[in-house]
Engineer: 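Here it is, the structure, as structure tokens.
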There are 2 protein chains.
Amino acid sequence: MRKLACFFALLLSISSYAQDAAAVKSQVAHAIQELRDFIAIPNDALNADDIDDNILWLKRKFGERGFNTAVLETENLPLFFAAMPMEDNKPTLLIYMHFDGQSVEPSKWNQPNPYQTVLKKPVADGFETVSFDALNDDIDYDWRLFGRSTSDDKGPIVMFLNAIDLLKKDGKEIPFNLKVILDGEEEKSSKPLPQAVKQYRELLEADFLVIADGPIHASGSPTVVYGCRGITTMTLTTYGPIKPQHSGHYGNYAPNPGFQLAQLLAGMKDTDGRVTIPGYYDGIVLDDDIMEVLKSVPDSDVEIAEKLQFKTSEKVGGYYQESLQYPSLNIRGLGSGWVGPKRRTIVPESATAELDLRLVPESDGNRLKKLVRDYITKQGYHVLDHVPSKLERMRYDKIVTVEEGSVTDAFRTDLDNKYGTFLVETLKSTFDQEVVRFRIMGGTVPISPFINELKIPAFIVPMVNPDNNQHSPNENLKIGQLAYGIQSLYSILSTPTP
Amino acid sequence: MRKLACFFALLLSISSYAQDAAAVKSQVAHAIQELRDFIAIPNDALNADDIDDNILWLKRKFGERGFNTAVLETENLPLFFAAMPMEDNKPTLLIYMHFDGQSVEPSKWNQPNPYQTVLKKPVADGFETVSFDALNDDIDYDWRLFGRSTSDDKGPIVMFLNAIDLLKKDGKEIPFNLKVILDGEEEKSSKPLPQAVKQYRELLEADFLVIADGPIHASGSPTVVYGCRGITTMTLTTYGPIKPQHSGHYGNYAPNPGFQLAQLLAGMKDTDGRVTIPGYYDGIVLDDDIMEVLKSVPDSDVEIAEKLQFKTSEKVGGYYQESLQYPSLNIRGLGSGWVGPKRRTIVPESATAELDLRLVPESDGNRLKKLVRDYITKQGYHVLDHVPSKLERMRYDKIVTVEEGSVTDAFRTDLDNKYGTFLVETLKSTFDQEVVRFRIMGGTVPISPFINELKIPAFIVPMVNPDNNQHSPNENLKIGQLAYGIQSLYSILSTPTP
């Protein structure tokens with residue numbers, strides 16, 4: 001027995017958390033069954049009944065694993081909560097995942113029913129369906145499971161459940177108090193979450209938060225994300241004649257809202273894409289340590305440019321990761337009159353620009369929106385928050401209606417946070433691979449307000465393949481990533497606390 | 001007889017072309033019947049059978065009035081031609097009208113069938129249907145005929161036919177060789193017309209051309225139009241990533257096509273709406289005589305601003321009529337990504353501006369388009385006439401695809417042309433009213449190429465009410481304008497040639 005223990009100690013010292021490949025594969029087989037079962041319960045967040053059915057399934061599955069479970073009522077749909085019995089001397093880890101999914105359009109899927117998981121293997125020109133019986137011989141980690149939420153985000157929930165199983169089989173003790181919060185409205189912006197923190201603060205209290213959602217880095221390396229940009233939006237509308245006018249009768253007489261809008265937008269950025277509105281980038285400092293982490297991300301700016309087919313990127317940062325450390329100002333939409341086959345020779349009545357502003361912790365969304373509004377005012381425009389009345393139209397030469405969207409703040413955990421280091425080191429040892437560390441991701445996660453309300457260090461530990469067609473038809477999960485997730489969570493949940 | 005002749009001479013000296021009001025009204029009653037009959041033949045230019053049915057009707061009606069008629073075959077639909085027997089010593093007047101109409105959407109009309117004329121009288125909140133029997137008592141000139149092409153342009157054809165009737169009744173001799181060309185594709189851009197001039201030059205030869213189409217000036221005064229602006233179009237497209245990208249992942253990294261387009265457009269005009277592209281307004285000289293005519297048009301810039309609801313017009317000209325003497329540069333459409341409820345947080349793959357350029361005789365359309373292209377090149381853009389290939393995208397930082405529309409030239413007859421003076425003086429005497437002279441109209445007429453090909457002085461002499469809902473549902477003709485047209489044509493066709 002001692003000899004065996006020594007052997008295990010030796011093994012651990014080489015790769016502390018290596019799990020037996022056969023045991024993992026056997027657990028993966030179990031996880032596939034469980035995931036198929038879970039996917040079969042539709043989970044469109046727009047349908048409250050769907051969400052209830054999923055909660056019943058979760059209650060059973062977490063209950064079977066010895067969790068105490070609770071359904072937390074909110075103003076919207078309920079949240080699902082599960083926890084292992086607490087011990088005072090352990091740090092508490094809260095894990096966040098979600099079980100709702102985007103709506104499906106079955107006709108756009110290459111399978112009859114997006115809620116009936118299909119097994120496929122890669123072939124030269126795509127994927128080919130394989131019978132699940134083929135898994136009885138061997139499980140090929142390159143094969144994939146196709147179905148809604150296989151990756152986003154039921155897959156990670158099943159990985160978690162099966163990591164727990166494997167830990168139990170191996171008799172591992174979990175050195176954390178373990179809490180799990182499962183969201184049923186992530187795809188609808190997770191509205192109830194921040195409020196739930198106020199209502200259920202004690203239940204949700206933890207030392208750190210791990211979010212198991214989203215894909216790993218494109219390189220396929222283990223990934224830990226320390227933050228996400230926030231977002232807010234603005235809609236700017238300029239005005240021409242009250243109704244569209246014949247461009248012969250009134251072209252170069254009636255004010256043209258398109259030119260007004262163009263002139264307004266043109267001055268907001270230089271031709272290299274840098275925002276020129278004073279103060280927009282205030283407060284952002286990237287020291288050498290930060291730059292080192294940013295540069296360590298194995299992105300290739302050349303590959304991105306090749307993939308997206310442009311010669312030169314905007315010059316907000318010197319390279320991709322650096323650019324994400326700044327707030328963005330993006331024209332996501334322009335509209336005036338008609339373009340294409342429907343175009344008509346008119347002076348349009350208005351022109352609209354839809355902007356989104358991605359936020360970083362230094363850039364408060366309301367502050368940035370005020371800077372944009374101030375800039376517009378400085379250009380001689382009268383800023384309104386409504387469609388102008390006739391009186392206002394006759395009174396002011398240049399009018400812009402500015403509608404403002406709500407603000408979702410960014411979150412960012414310090415790169416030297418001990419729990420972050422723990423996660424990175426654990427994954428590094430488990431897979432014997434460098435871990436990609438994102439200081440901040442470009443996108444926005446709806447749980448940012450939840451994180452900022454909880455006020456604890458938070459990390460996204462993604463589990464699924466980058467090419468999973470998240471939110472789209474033919475969403476899928478590589479079986480290898482199912483193994484990856486089980487192994488990751490096994491290691492995290494069995495490694496001595498930092 | 002001599003006494004009577006003297007009396008008529010006296011009458012003529014007071015108001016040379018005054019017609020007996022009762023005789024006109026009786027002719028109007030006849031014209032209403034004839035117009036109802038004509039309207040009842042559908043005339044959608046998109047339907048060749050419709051056009052043939054109309055030609056049969058025209059053949060009969062012109063034949064009955066002693067015209068020789070011919071159907072001129074063209075590459076597209078045939079044209080209808082009619083002429084009085086020629087006499088060498090008379091100048092030749094060619095009259096252009098058209099008998100095709102815009103398509104109809106019956107559900108949008110306040111009557112069951114747009115081809116079944118309905119009689120309506122004005123009431124407080126619009127119009128009320130009246131039985132045609134009501135006309136037996138008296139004809140109210142404020143009542144209106146509703147139906148497709150009542151105004152545009154079957155009404156004027158019927159006015160012409162009935163003016164001929166009245167001239168015959170009064171035993172008037174027509175001091176012109178009279179030719180009539182009737183277009184069956186005006187609403188489809190009159191494509192066959194310029195070619196027809198080449199093919200049927202001798203038939204169409206004339207000393208001047210009168211176009212009886214369009215509405216009189218909003219003031220209700222008799223109107224003669226000496227020219228129309230031409231038009232050409234350009235479509236500019238800038239490019240971002242090859243496919244729309246998540247604005248979180250690639251906002252402020254992937255080039256934003258909306259900002260590129262805004263910056264490109266912004267510099268084409270100053271903030272007062274004047275085109276700043278060098279040479280755009282070259283060659284335009286407005287001397288005092290011209291300015292006097294422009295100022296004599298009873299437009300009110302204040303009223304236009306009030307109606308269109310803006311404080312200040314663009315400053316291309318000092319006032320409305322002056323602005324029309326210049327070419328325009330109009331953004332008729334802008335499109336990129338989505339605006340409104342469909343908006344999505346993306347970096348769009350492209351942004352498009354639809355431009356139209358209204359032309360004056362000094363501004364050749366191809367020259368102006370070249371100026372715009374040169375301007376774009378000067379801003380550092382690589383101009384393509386096609387969607388860029390990957391190679392081109394990777395090679396050039398800033399790319400604009402410029403698609404160019406065809407050019408319809410402007411036409412403008414000199415203000416001191418003797419036939420123009422003849423028309424103005426004749427209308428002035430007939431109605432004892434100042435005649436509104438438009439040096440050039442803002443809009444473009446599809447017969448411009450026909451006029452420029454014919455190389456004869458051309459004048460638009462509009463006949464119908466300005467509020468006729470041309471091209472729209474509920475097109476109508478004020479019965480008073482039916483009388484106006486009959487009287488105008490009667491006078492023009494019975495006044496000694498200049």
Side-chain angles (χ1 to χ4, degrees), chain A residues 229 231 241-242 245-256 258-259 262-263 265-266 269 271 273 308-314 316 320 323 326 328-340 343-348 351-354 356 358 390 393-397 442-444, chain B residues 229 231 241-242 245-256 258-259 262-263 265-266 269 271 273 308-314 316 320 323 326 328-340 343-348 351-354 356 358 390 393-397 442-444:
Chain A
R229 289 202 288 193
I231 191 171
I242 184 72
Q245 295 296 320
H246 190 290
S247 75
H249 299 161
Y250 292 108
N252 65 349
Y253 186 74
N256 186 294
F259 274 111
Q263 288 170 345
L265 295 169
K269 280 192 170 184
T271 54
L308 305 190
Q309 297 190 22
F310 56 76
K311 186 178 172 218
T312 313
S313 68
E314 296 196 339
V316 180
Y320 178 56
S323 76
Y326 292 87
S328 74
L329 180 61
N330 177 52
I331 301 179
R332 56 176 172 156
L334 284 176
S336 182
W338 287 269
V339 297
R343 60 200 165 195
R344 296 164 59 185
T345 47
I346 54 162
V347 181
T352 295
E354 299 281 3
D356 65 72
R358 296 284 172 171
K390 180 169 182 186
R393 294 176 63 99
M394 302 300 295
R395 188 165 165 195
Y396 301 104
D397 255 333
T444 307
Chain B
R229 290 201 289 193
I231 190 170
I242 184 72
Q245 296 295 320
H246 190 290
S247 76
H249 299 161
Y250 291 108
N252 65 350
Y253 187 73
N256 186 294
F259 274 110
Q263 288 171 345
L265 295 168
K269 280 192 169 182
T271 53
L308 305 189
Q309 297 189 21
F310 56 75
K311 187 178 172 216
T312 312
S313 68
E314 296 197 339
V316 180
Y320 178 56
S323 75
Y326 292 87
S328 74
L329 180 61
N330 176 53
I331 301 179
R332 56 175 171 156
L334 284 175
S336 182
W338 287 268
V339 296
R343 61 200 164 195
R344 295 164 55 183
T345 46
I346 54 163
V347 181
T352 294
E354 300 282 3
D356 64 72
R358 298 284 172 171
K390 181 170 181 185
R393 294 176 62 101
M394 302 301 295
R395 189 165 163 195
Y396 301 104
D397 254 334
T444 307

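Lettering follows sequence order; numbering is per chain, from 1. Note: hydrogens, waters and symmetry copies are ignored here, and every other heavy atom, side chains too, is used. Since the structure is predicted, the reported quantities are computational estimates derived from the model, not experimental observations.
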Engineer: With chain A as the partner, which of B:Ala353, B:Gly258, B:Gly273 has the greatest number of non-hydrogen pairs under 4.5 Å?
Structural biologist: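 Top count of heavy-atom pairs under 4.5 Å with chain A: B:Gly258.
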Engineer: Are any of the side-chain heavy atoms of B:His249 and A:Tyr320 separated by less than 4.5 Å?
Structural biologist: yes
Engineer: Which value, rounded to the nearest 0.5 Å, describes the distance between A:Ser247 atom OG and B:Ile331 atom CD1?
Structural biologist: 12.5 Å
Engineer: Looking at every heavy atom in both B:Met394 and A:Gln309, which two are closest together, and how far apart are they?
Structural biologist: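 Looking at all heavy atoms of both residues, the closest pair is SD-CA, 3.6 Å.
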Engineer: Within the distance-only criterion (no hydrogens, no angle test), does the side chain of B:Arg332 pair as donor or acceptor with the backbone N or O of A:Gly337 below 3.5 angstrom?
Structural biologist: no
Engineer: Heavy-atom cut-off 4.5 Å, strictly under: side chain, backbone, both or neither for B:Ile231 against chain A?
Structural biologist: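 Just its side chain gets close to chain A.
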Engineer: Looking at A:Asn330 and B:Ile346, would you say the former's side chain and the latter's main chain have a donor-acceptor pair under 3.5 Å?
Structural biologist: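 Here the side-chain-to-backbone pair exists.
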Engineer: Of all heavy-atom pairs between A:Leu334 and B:Ala351, which one has the smallest distance, and what is that distance?
Structural biologist: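 It is CD1-CB, 4.5 Å.
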Engineer: Among the options B:Tyr250, B:Trp338, B:Tyr396, pick out the one with the most heavy-atom pairs lying under 4.5 Å from chain A.
Structural biologist: B:Tyr250
Engineer: Just do the side-chain contact (heavy atoms from CB on, under 4.5 Å) check on A:Glu314 and B:Val347 with the steps written out, would you?
Structural biologist: CA-CA 12 Å; A:Glu314 296 196 339; B:Val347 181; over 6 Å; no
Engineer: Looking at chain A, which one of B:Gln245, B:His246, B:Lys390 has the largest number of heavy-atom pairs inside 4.5 Å, strictly under?
Structural biologist: B:Lys390
Engineer: If you take all heavy atoms of B:Phe259 and A:Leu265, which pair is closest and at what distance?
Structural biologist: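 Shortest heavy-atom contact: CE2-O, 3.4 Å.
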Engineer: Any side-chain heavy atom of A:Arg343 sitting closer than 4.5 Å to one from B:Asp356?
Structural biologist: no
Engineer: Heavy-atom pairs under 4.5 Å with chain B: which of A:Leu329, A:Val316, A:Thr352, A:Thr345 has the most?
Structural biologist: A:Thr345
Engineer: I'd like to check A:Gln263 versus B:Thr271 (side-chain heavy atoms, cut-off strictly below 4.5 Å). Are they in contact?
Structural biologist: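 Yes, their side chains come closer than 4.5 Å.
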Engineer: Which region of B:Tyr326, side chain (C-beta onward) or backbone (N, CA, C, O), has a non-hydrogen atom less than 4.5 Å from a non-hydrogen atom of chain A, or is it both or neither?
Structural biologist: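 For B:Tyr326, backbone and side chain are both near chain A.
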Engineer: Testing the basics here: between A:Ala262 and B:Ala266, what is the closest heavy-atom pair and its distance to 0.1 Å?
Structural biologist: O-CB, 3.8 Å
Engineer: Quick one: closest heavy-atom pair of A:Arg395 and B:Lys311, and the distance?
Structural biologist: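 Minimum heavy-atom separation between A:Arg395 and B:Lys311: O-CD, 3.1 Å.
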Engineer: Just so I know, are the side chains of B:Phe310 and A:Tyr253 near enough to count as touching, which here means a heavy-atom distance under 4.5 Å?
Structural biologist: yes
Engineer: Does A:Glu354 reach the main-chain N or O of B:Gly340 with its side chain, forming a donor-acceptor pair under 3.5 Å?
Structural biologist: yes
Engineer: For residues A:Asn252 and B:Ser328, report the shortest heavy-atom separation together with the two atoms involved.
Structural biologist: CG-CB, 3.6 Å
